[in-house]
Every structure is written in structure tokens, then in C-alpha cells.
> 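Sharing a structure, written as C-alpha cells. Questions coming.
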Amino acid sequence: MIRKICCIGAGYVGGPTMIVIAENCPDVIINVVDTNPEKIEAWNNKDLSKLPVFEPGLVKLIKRVRNKNLFFTTEIDTSIKNADAIFISVNTPIKSSGVGAGQASDLKWVEASARRIAESATGHTIVIEKSTLPVRTAKVIKEILETKQSFEKSDSKFKTFSVLSNPEFLAEGTAINNLQKPDRVLIGGDNFDSINELKSLYLNWVEEEKIICSNLWSSELTKLTANAFLAQRISSINSISAICEVTGADIKEVAKATGLDSRIGEKFLNAGPGFGGSCFKKDILNLIYLSNYFNLKEVGDYWEQIIKINDWQKKRIYEVIVEKLFGNIADKKILILGFSFKANTNDTRESPSIGISIDLLKENSKLVFHDPKVSPTQIINVLKNEIDSNQFSKNISFSDDIYSASHDADAIIILTEWEEYKMIDWKKISNIMRKPSWVFDTRGIVNVESVRSEKINIWQVGNGFLRN
Ligand code: NAD
Ligand code: UDX
């Protein structure tokens with residue numbers, strides 16, 4: 001029976017996942033460890049507004065479990081030593097250099113975790129891949145662990161391992177709900193007893209029918225497939241949004257009527273500025289790398305198109321903005337509403353706001369940023385790597401008040417679908433923007449008539465009614 005858990009990696013997955021396990025399994029002791037002491041300190045902060053991850057519902061749960069059966073600590077080796085089960089939840093970004101650069105996953109953090117487990121674990125330990133990994137990574141982890149296995153039970157050095165794949169399907173912004181009521185829990189492995197132990201843990205709050213078991217490689221591949229299919233829907237609807245804009249069709253009407261076909265379904269058909277987040281692009285690149293590695297070039301080319309459309313959607317939105325502002329945005333004040341990659345998260349990884357802002361800054365526009373959960377420091381850190389620092393510092397500013405920030409602005413660009421952007425008082429805005437004023441609604445969340453009636457021009461993604 002799993003009594004003590006160690007989770008390696010206290011990020012967007014490790015933190016919320018362990019909080020939910022702790023809530024549902026009060027008899028299990030969980031240590032979440034990380035090599036980044038600042039992150040651990042932030043998870044331990046008494047001021048709950050300073051937790052490193054913002055997720056609706058997270059604060060309520062952490063209050064109930066932190067320092068009761070859930071601990072955030074930098075004591076990595078002791079936590080590994082004491083654990084019956086270890087979740088590896090470390091980051092797996094795309095390699096930036098060397099073989100496979102730009103496509104293959106960088107497994108250095110996974111490998112480091114496996115080596116540390118091999119060194120410090122005692123007794124029998126179930127090692128669970130929670131990170132999203134290329135197919136057959138479990139083999140790498142097994143090989144590393146096997147170098148330190150010792151089977152003699154009477155020996156104090158006794159240590160054995162079994163490796164399971166248990167990919168995480170949570171989406172940021174709804175993570176707590178996804179973890180509490182998952183569509184499914186997938187466990188891949190070849191050791192029957194270990195699979196059952198992990199299954200028993202989940203049975204504390206997940207219905208048995210929702211827990212499915214498979215072999216290791218199916219489990220690893222399912223995670224990449226699920227993300228690729230979701231991203232594919234977004235690129236599909238975004239490609240149709242461009243057709244709507246030139247033909248006079250409306251993407252919301254098309255999406256609704258298309259999604260009502262029960263074989264297609266209504267979810268994930270919102271056109272927007274392209275998908276962001278740390279997962280979709282990385283996981284598709286991974287699939288492309290895998291396809292090419294196994295000489296399945298056509299398969300790789302097929303999935304590559306999803307990313308191409310995603311990049312194109314961002315570029316074309318930027319070009320629309322420049323064109324509507326008379327082809328010249330130098331020195332024009334533009335208010336950027338939203339920097340996180342979606343609403344209800346403070347995560348900015350691969351956010352469409354990044355690329356679009358950089359393109360605008362390269363044309364010397366003056367950007368004012370507003371985001372309810374992303375701090376100016378976070379925005380500066382993201383942008384400073386991409387833009388010449390002189391140009392960058394003089395042309396960007398921040399505001400936490402949409403109305404004062406709109407003063408003399410030529411354009412407002414809505415890039416994240418935060419609730420408060422749906423309730424903007426356009427009458428108030430109209431009086432303070434410079435004329436002619438523009439609103440670019442890349443998320444399709446604004447009531448077009450309420451903007452137009454205030455004599456503000458509007459462009460909305462996929463809205464062909466605005467064609468003329
Ligand atoms: P993250 O960057 O937020 O967190 C990873 C953490 O691991 C970091 O805090 C890092 O310091 C820590 N770490 C790295 N190496 C370590 C080591 N050797 N020892 C201890 N700590 C170490 O990443 P994330 O968003 O939580 O993603 C983690 C994994 O889960 C990735 O593989 C990702 O693809 C997958 N995933 C992410 C999401 C999501 O929505 N973010 C959803 C499903 C799956
Ligand atoms: C995704 C998967 O949904 C989740 O199952 C997996 O575990 C991790 O990757 P996440 O990236 O956190 O989750 O958020 P998601 O809701 O999938 O949104 C990803 C991006 O797609 C966001 O930029 C979002 O704005 C965009 N999106 C989503 C759309 O543009 N339209 C939609 O209809 C849905």
C-alpha cells in the first residue's frame with residue numbers, strides 16, 4: 001500500500017496534483033521537492049496570494065492539507081529515501097541545442113531525477129512518470145534505476161523498482177476540477193502489483209470505470225496523442241476563422257452548428273490568437289520528432305501543419321492590426337489586454353501575447369500591458385530575452401486600470417479571455433481613446449454592437465459580418 005509519496009517537481013503539475021492527492025488521501029504523507037528553493041519557499045508562504053501557481057480553488061485546498069499530510073521541502077534525498085512511490089513531475093521542454101534541437105524533448109531533468117532516485121531510494125519503490133515524455137522514456141528510467149538495484153531482502157542495501165506511466169491531463173485554469181473529477185486516469189505499466197497499488201490510491205476519489213490500464217508505451221503515446229488532437233481542433237477552427245473573415249461567415253455560428261454533430265462535439269472550437277501554453281507545441285514537436293525518427297515522414301509533415309497554422313494565425317492577426325492602423329504603428333499607443341496564455345492562470349509560457357507584442361514592439365509602437373494575474377516583472381522577464389533592451393524599456397509600460405491605460409490609446413488588443421474584459425464599459429473608453437480608435441478582439445468575447453455604437457472600430461477573430 002502506498003503510504004509515503006515523494007513528488008519531484010513543484011511546478012504547475014506537481015503542486016496542484018499533490019494537493020489533490022493529499023486532500024483525498026489524508027493517511028498518505030506527501031513530500032513535494034524541488035531543486036529551486038525559491039519555489040519551495042513560495043509554496044510554503046503564509047501569504048496565500050504569493051503561491052507560485054494561480055489556480056481557481058487551489059488556495060481553499062492547500063489551507064486544508066499543507067503541513068498536515070502535504071509538505072513542500074528541498075530535502076530531496078530524504079524524501080526519496082522514505083517514499084513508497086515517487087512521481088516525476090519535472091519539466092520536459094524542447095531541446096534548444098544538439099541532436100534533436102527544436103523538436104526532441106530535453107530529458108536532462110528526468111534523467112537527473114532517475115539518477116537521484118537510483119541513489120537514494122530504499123526498499124521497493126514505484127517510480128511514476130507524471131511528466132509528459134517521449135514514447136519509450138520509461139526504458140531509459142528503468143535502465144538507470146537497474147544499475148543500482150539490489151534484490152537481497154535481508155540486506156540493508158535492498159532496493160528494487162517498478163516504473164509506471166501515469167500522464168497528467170489537467171488543463172491550467174481548471175486544474176483542481178480536472179484533478180478532482182478526471183475524465184480518466186491512465187496507468188501504463190507491466191508490473192501488476194504496482195499498477196494495483198497506484199490504482200488503489202486513485203480509487204480514494206475516482207470511479208473505477210475511469211481508471212484505465214495499458215502498456216507503458218500506449219500510455220506515453222496517449223498523452224502526446226490527446227494533446228495533438230486538442231491542438232489540431234484549435235488549428236482547424238482558426239483556419240476556418242480566416243475563411244469566415246473574407247467570406248462574411250461568422251466563426252461562432254459555424255463552430256456551433258459544426259459542434260452540434262455529436263461525433264464532432266462542441267468543446268475546443270473557440271477561434272482565437274492561436275494556442276499557447278507549455279504543452280501543445282512541445283508535444284506535437286515531440287510527435288514530429290518521433291515520426292521522423294521512425295522514418296514516418298508523412299506523419300511528421302501532417303502534424304507539423306498544426307503548428308504552422310498556429311504560427312500563421314498570430315502573424316496574420318498582427319498584420320491585420322498594422323493594416324487597420326494605416327500601415328503605421330510607430331509611436332502609437334496600444335493597450336494589450338491579457339498576457340497569460342489563457343484565462344484563470346498566471347502562466348505565460350508560449351502565450352500568443354508574447355509573439356504579437358514582440359512584432360508590435362519591433363515597429364516601435366508603445367505598449368501598455370494589463371493582466372489580472374501576470375506581474376510586470378514576469379512580462380519584462382519574458383520580453384527582455386526577445387527585444388533590444390533600449391527599445392524595450394522605453395516603449396513598454398504597465399497598468400492595473402484598463403480605463404486610465406486607455407487614455408489616448410489608438411488601439412486595444414484583447415489577447416486573453418479574462419472575465420473582466422467581457423464587461424468593459426466601452427462608452428467610458430470611447431471618450432478617452434484617440435480617434436479613430438480600434439478594438440482588436442482576438443478571442444471573440446466582446447459584444448460588437450456595444451463597441452460600434454460608441455464609434456469605436458472593431459475587428460473580431462472570425463467575424464465576417466465586419467468584412468466591410
Ligand atoms: P514546471 O516547469 O512548472 O515545473 C517543473 C519543476 O520541476 C520546476 O519547479 C523545476 O525546478 C523542477 N525540477 C526540474 N528538475 C528537477 C530535479 N532534478 N529535481 C527536483 N526538481 C526539479 O513544469 P510543469 O508545467 O509542472 O510540467 C511538468 C511536466 O508535466 C512536463 O513534462 C509537462 O509537459 C507535463 N504536463 C504539464 C501540464 C501543464 O498544464 N503545465 C499538464 C500536463 C502535463
Ligand atoms: C492542455 C490540455 O488541455 C491538457 O489536457 C494537458 O494536460 C495540458 O495541455 P493547457 O495548455 O493548460 O492544457 O490549456 P488548454 O485549455 O488546453 O488551452 C491551450 C491553449 O489553447 C490556450 O492558449 C487556449 O486559449 C487555447 N484554446 C483552447 C483555444 O484557442 N480555443 C479553444 O477552444 C480551447
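In listed order, ligands and their atoms are each counted from 1.
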> Should you measure from each heavy atom of Ser89, which atoms of ligand 1 turn up under 4.0 Å away?
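Taking each heavy atom of Ser89 in turn, ligand 1 has 5 (C), 28 (C) under 4.0 Å.
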> How long is the gap from NZ on Lys342 to CG on Asp347, to the nearest 0.5 Å?
10.0 Å
> Check ligand 1 against Gly11 and write out every atom of the ligand that is under 4.0 Å from a heavy-atom position of the residue.
1 (P), 3 (O), 4 (O), 26 (O)
> Assign the ring pair Trp459 / Phe440 to parallel, tilted or perpendicular, where the plane angle (0 to 90°) is split at 30° and 60°.
tilted
> Is ligand 1 under 4.0 Å from a heavy atom in the side chain of Cys279, in the backbone, in both, or in neither?
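Side chain only; the backbone of Cys279 stays clear of ligand 1.
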> Please tabulate, one line per pair, the protein N or O atoms found under 3.5 Å from any N or O atom of ligand 2, giving the distance to one decimal.
residue  : atom   : partner : partner atom : Å
ligand 2 : 5 (O)  : Phe169  : O            : 2.7
ligand 2 : 7 (O)  : Glu168  : O            : 3.4
ligand 2 : 7 (O)  : Phe169  : O            : 3.3
ligand 2 : 7 (O)  : Leu170  : O            : 2.6
ligand 2 : 7 (O)  : Lys223  : NZ           : 2.8
ligand 2 : 12 (O) : Glu172  : N            : 2.8
ligand 2 : 14 (O) : Lys342  : NZ           : 3.3
ligand 2 : 16 (O) : Lys342  : NZ           : 2.7
ligand 2 : 23 (O) : Gly276  : N            : 2.9
ligand 2 : 23 (O) : Phe341  : O            : 2.9
ligand 2 : 25 (O) : Arg443  : NH1          : 2.7
ligand 2 : 31 (N) : Asn270  : O            : 2.8
ligand 2 : 33 (O) : Leu269  : N            : 3.4
ligand 2 : 33 (O) : Asn270  : N            : 2.9

> Output the list of atoms in ligand 1 that are nearer than 4.0 Å to some heavy atom of Glu172, sorted by atom number.
39 (C), 40 (O), 41 (N)
> May I ask you to list the atoms of ligand 1 that are less than 4.0 angstrom from any heavy atom of Lys282?
33 (C), 34 (O)
> Any idea which protein heavy atom is nearest atom 15 (N) of ligand 1, and the distance to it?
Trp109 CD1, 3.0 Å
> Look at the aromatic rings of Trp418 and Phe54 and report parallel, tilted or perpendicular, splitting at 30° and 60°.
tilted
> So which heavy atom in the protein is nearest atom 43 (C) of ligand 1, and how far is it from that ligand atom?
Glu168 O, 3.2 Å
> Among Asn91, Asn227, Val53, Leu170, which one puts a heavy atom closest to atom 42 (C) of ligand 1?
Leu170
> Determine yes or no for a side-chain-to-main-chain donor-acceptor pair under 3.5 angstrom, with Asn166 supplying the side chain and Leu186 the backbone.
yes
> Name all pairs fulfilling the side chain to side chain donor-acceptor pair (under 3.5 Å) condition that reach into residues 31-40, sequence neighbours left out, sorted by first residue then second.
none
> Measure the distance from atom 18 (N) of ligand 1 to every protein heavy atom, then report the residue, atom name and distance (to 0.1 Å) of the closest one.
Ser113 OG, 3.6 Å
> Keeping the roles fixed (side chain from Thr122, backbone from Lys81), state whether a donor-acceptor pair exists under 3.5 Å.
yes
> Does an N or O from Asp347, backbone or side chain, lie closer than 3.5 Å to an N or O of ligand 1?
no
> When you compare the side chains of Ser218 and Asn215, does any donor N or O come within less than 3.5 Å of an acceptor on the partner?
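Indeed, the side chains of Ser218 and Asn215 share at least one donor-acceptor pair under 3.5 Å.
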> Of the protein's non-hydrogen atoms, which lies at the shortest distance from atom 16 (C) of ligand 1, and what is that distance?
Val90 CG1, 3.5 Å
> Surrounding NZ of Lys148 (heavy atoms of other residues, nucleotides or ligands, distance under 6.0 Å), is the total greater than 12?
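Not more than 12 within 6.0 Å, no.
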> Write out the residue and atom name of the closest protein heavy atom to atom 44 (C) of ligand 1, then the distance separating them to 0.1 Å.
Thr132 OG1, 3.5 Å
> For Asp283, which part has a heavy atom under 4.0 Å from ligand 1: side chain, backbone, both, or neither?
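The answer is neither.
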> Please determine which of Phe398, Tyr421, Phe339 meets the ring pair (Phe, Tyr, Trp, His ring centres under 6.0 Å) test together with His370.
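Looking at Phe398, Tyr421, Phe339, the match for His370 under the ring pair (Phe, Tyr, Trp, His ring centres under 6.0 Å) is Tyr421.
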> Which ligand 1 atoms are under 4.0 Å away from a heavy-atom of Lys39?
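Those atoms are 8 (C), 9 (O).
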> Please say whether Tyr12 places an N or O atom under 3.5 Å from an N or O atom belonging to ligand 1.
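By distance alone, the answer is yes.
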> With a sphere of 6.0 Å drawn around CG of Asp311, does it hold more than 12 non-hydrogen atoms of other residues, nucleotides or ligands?
yes
> Backbone or side chain, does any N or O of Ala171 fall under 3.5 Å from an N or O of ligand 1?
no
> Which residue supplies the protein heavy atom nearest to atom 38 (C) of ligand 1, what is that atom called, and how far is it?
Val13 CG2, 3.3 Å
> Sequence neighbours excluded, which residues qualify as salt bridge (charged side-chain N to carboxylate O under 4.0 Å, His left out) partners of Arg64?
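Counting only residues at least two positions away or on another chain, Arg64 forms a salt bridge (charged side-chain N to carboxylate O under 4.0 Å, His left out) with Glu23.
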> Which residue and atom name correspond to the protein heavy atom nearest atom 21 (N) of ligand 1, and how close is it?
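Ranked first by proximity to atom 21 (N) of ligand 1 is Thr35 N, 3.3 Å.
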> Could you list which atoms of ligand 1 come closer than 4.0 Å to a heavy atom of Lys223?
43 (C)
> Please name all residues satisfying side-chain contact (heavy atoms from CB on, under 4.5 Å) with Leu48, sequence neighbours left out, ordered by chain then number.
Leu51, Val59, Ile62, Lys63, Arg66
> Does an N or O from Thr92, backbone or side chain, lie closer than 3.5 Å to an N or O of ligand 1?
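Yes, Thr92 has an N/O under 3.5 Å of an N/O on ligand 1.
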> What do we get for Arg349 next to ligand 1 when only non-hydrogen atoms under 4.0 Å count, side chain, backbone, both or neither?
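Looking at Arg349 and ligand 1, just side chain atoms fall under 4.0 Å.
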> Do other residues, nucleotides or ligands put more than 12 heavy atoms under 6.0 Å from Lys422 NZ?
yes
> Assess the side chains of Gln103 and Tyr293: does a donor N or O sit below 3.5 Å from an acceptor N or O?
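No, no side-chain donor-acceptor contact under 3.5 Å.
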> Around Glu266, counting heavy atoms of other residues, nucleotides and ligands shown, do more than 12 lie under 6.0 Å from its CD?
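No, the 6.0 Å shell around CD holds no more than 12 heavy atoms from other groups.
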> Would you mind telling me if ligand 1 is within reach of the side chain of Arg116, the backbone, both or neither, using heavy atoms under 4.0 Å?
neither
> Please compare Leu107, Leu133, Ile8 and report which has the shortest non-hydrogen distance to atom 20 (C) of ligand 1.
Ile8
> Using a 4.0 Å cutoff against the non-hydrogen atoms of Gly9, which atoms of ligand 1 qualify?
6 (C), 7 (O), 12 (C), 21 (N)
> Go through the steps for Val110 and Val140 under the test side chain to side chain contact (heavy atoms under 4.5 Å, CB included), then give the verdict.
CA-CA 10 Å; Val110 172; Val140 177; over 6 Å; no
> Hey, are Lys139 and Glu143 close enough for a salt bridge, meaning a charged N less than 4.0 Å from a carboxylate O?
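Salt bridge flag = yes for Glu143 with Lys139.
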> With no hydrogens and no angle check, do the side chains of Asn346 and Tyr12 hold a donor and an acceptor under 3.5 Å apart?
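Looking only at side-chain atoms, Tyr12 and Asn346 do form a donor-acceptor pair, the distance falling under 3.5 Å.
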> Side chains of Asn344 and Glu419: is there a donor and an acceptor less than 3.5 Å apart?
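No, no side-chain donor-acceptor pair sits under 3.5 Å.
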> Report, in ascending order of atom number, the atoms of ligand 1 lying under 4.0 Å from any heavy atom of Ser278.
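In order of number, 41 (N).
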> Is there at least one pair of N or O atoms, one from Asp34 and one from ligand 1, spaced under 3.5 Å apart?
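In this structure, Asp34 places an N or O atom under 3.5 Å from an N or O of ligand 1.
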